[in-house]
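Heads up: the structure comes next, in structure tokens.
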Number of protein chains: 2
Amino acid sequence: MSNNHFRRGELYSFITGKASTAIARRLQKKFNSAGLNVTIEQWSVLYHLWKQDGISQQELCNATFRDKPSITRLVDNLERLQLVKRVSSDADRRMNLIYLTRQAQKLQEQSMEIAEETLNEALEGVPPERIEICKEVLQIVYDNLK
Amino acid sequence: MSNNHFRRGELYSFITGKASTAIARRLQKKFNSAGLNVTIEQWSVLYHLWKQDGISQQELCNATFRDKPSITRLVDNLERLQLVKRVSSDADRRMNLIYLTRQAQKLQEQSMEIAEETLNEALEGVPPERIEICKEVLQIVYDNLK
DNA sequence: GACATATAGTTGTTTATACAACTATCCAAA
DNA sequence: TTTGGATAGTTGTATAAACAACTATATGTC
């Protein structure tokens, strides 16, 4: 018997991801206001390239939980914006290694500040130990389903 | 001073909604396997109509946190699938009242069971009091940003 | 009653996601 | 060395979200 029987109505928010949608929308608005001309999805790709530059599209798929066509098109758009460059790997010519341009490197600091600011607004008034529990629960959910 | 300063990396999952994305993908797969020919987004509209039939598109916007064009097109698609019908209101002819068809009424029980089952899988191993805290935190996040 | 303004819904455009089908390259086993 | 399977990436198609611009109807005020 499950101990997790949901009351109606509680179910809806969990499935639709109300909270993360609200965070993403707020972050997008802040990017726009700051004149940062990137979508949240593009930013999420840059985010991983800032951590490690020159990784393959497949590694970006794994890091961002997207499928290959999604990454192909995000990289297409980032390339069009001159924020990344595809360089086909010498070691394995099936692979594209994705490199940040100087322009993208300049976005890092400002956009990360805006992201932190957004999360602080989102979590205002929530005690740290409750944030911790929430994060752990969401991680378990992800692990249960992946 | 904020007590919610995020360590790098924690930030990412919150913004991208990894957990709710995983739930939605699992639910969609289960719908497909069961031969339920609806998307999660369409289901989320039906969900509110099952609670109250014959509401306006604007009310669906509020209930589902979507903008008007999104609801216009979801209702377009639901109408094409013969799951809902637009009926223009006598009282205010700007409004469309959206009514479930018999076919949509038949989907309710099975799809709600699948949704509950999915959430139970997602939350397996999470004690109820931690689910409660998680829900409260996500609600505060939403309220902080809306 | 006429007009300004607000509200309900639609359409156009861009970006993104999911799935299936495809091409190119790599690698291992016969 | 050939061949068959696996892997990396692309393309086609359908659905959806966000934003701006639009039409039609309602309402409050003069």
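In the text below, chain A, chain B and the rest are named by the order of the sequence lines, each starting its count at 1.
Of the two residues contacting DNA chain C, namely A:L74 and B:R86, the nearest-nucleotide position lying further toward the 5' end is that of B:R86. Residue-to-nucleotide proximity on DNA chain D shows that, of A:Q28 and A:D76, the 5′-proximal contact is made by A:D76.
For residues 36-43 of chain A, proximity to DNA chain C is found at A:T39, A:E41, A:Q42, defined as any non-hydrogen atom under 4.0 angstrom from a strand atom. Near-neighbour residues of DNA chain C inside residues 58-72 of chain A, defined by a heavy atom below 4.0 Å, number-ordered: A:R66, A:D67, A:P69, A:S70.
At least one side-chain heavy atom of B:D76 sits less than 4.5 Å from a side-chain heavy atom of B:R73. At a threshold of 4.5 Å between non-hydrogen side-chain atoms, the residues A:F65 and A:K146 do not count as touching.
Annotation: cation-pi pair B:K18/A:Y142 present, NZ/CZ under 6.0 Å from the ring centroid and within 45° of its normal.
The CE atom of A:M95 sits 11 Å away from the C1' atom of C:dT25 (whole-angstrom rounding). Rounded to whole Å, atom C1' of C:dA18 lies 18 Å from atom CD1 of B:I23. Atom CZ of A:R94 is separated from atom P of C:dC27 by 6 Å (rounded to the nearest Å). If you take CG of A:L27 and C1' of C:dA16, they are 16 Å apart, rounded to a whole angstrom. Atom CZ of B:R25 is separated from atom P of C:dT17 by 9 Å (rounded to the nearest Å).
Closest to the A:D92 side chain, of the nucleotides C:dT13, C:dC26, C:dA6, is C:dC26.
When every heavy atom of A:R130 is checked against every heavy atom of B:V137, the shortest pair comes out as O-CG2, 3.8 Å.
Boundaries of the chain A contact region on DNA chain D are D:dA6 to D:dA18, first to last in 5' to 3' order (nucleotide atom under 4.0 Å from a heavy atom).
When the shell of 6.0 Å around CD of B:E109 is examined, it contains 12 or fewer heavy atoms from other residues, nucleotides or ligands.
A:N77 comes within contact range of the sugar-phosphate backbone alone, with a heavy-atom separation under 4.0 Å but no base atom that close.
Connection of A:M95 to A:V84 is not established within any shared hydrophobic cluster, with ILVMFWY side chains joined at heavy-atom distances below 4.5 Å, either directly or through further cluster members.
Side-chain contact, A:R66 with A:S44: a donor N or O sits under 3.5 Å from an acceptor N or O. One side chain, A:Q58 or A:N62, offers a donor N or O that lies under 3.5 Å from an acceptor on the other.
A salt bridge links A:K30 with A:E121: at least one charged nitrogen is closer than 4.0 Å to a carboxylate oxygen.
No option in B:L78, B:L83, B:L49, B:L107 other than B:L49 meets the side-chain contact (heavy atoms from CB on, under 4.5 Å) test with B:L100.
To the nearest 0.5 Å, atom CG of residue B:L145 and atom OG1 of residue A:T118 are 8.0 Å apart.
Within 3.5 Å, no donor on the side chain of A:R93 pairs with an acceptor on the base of C:dT25, nor the reverse.
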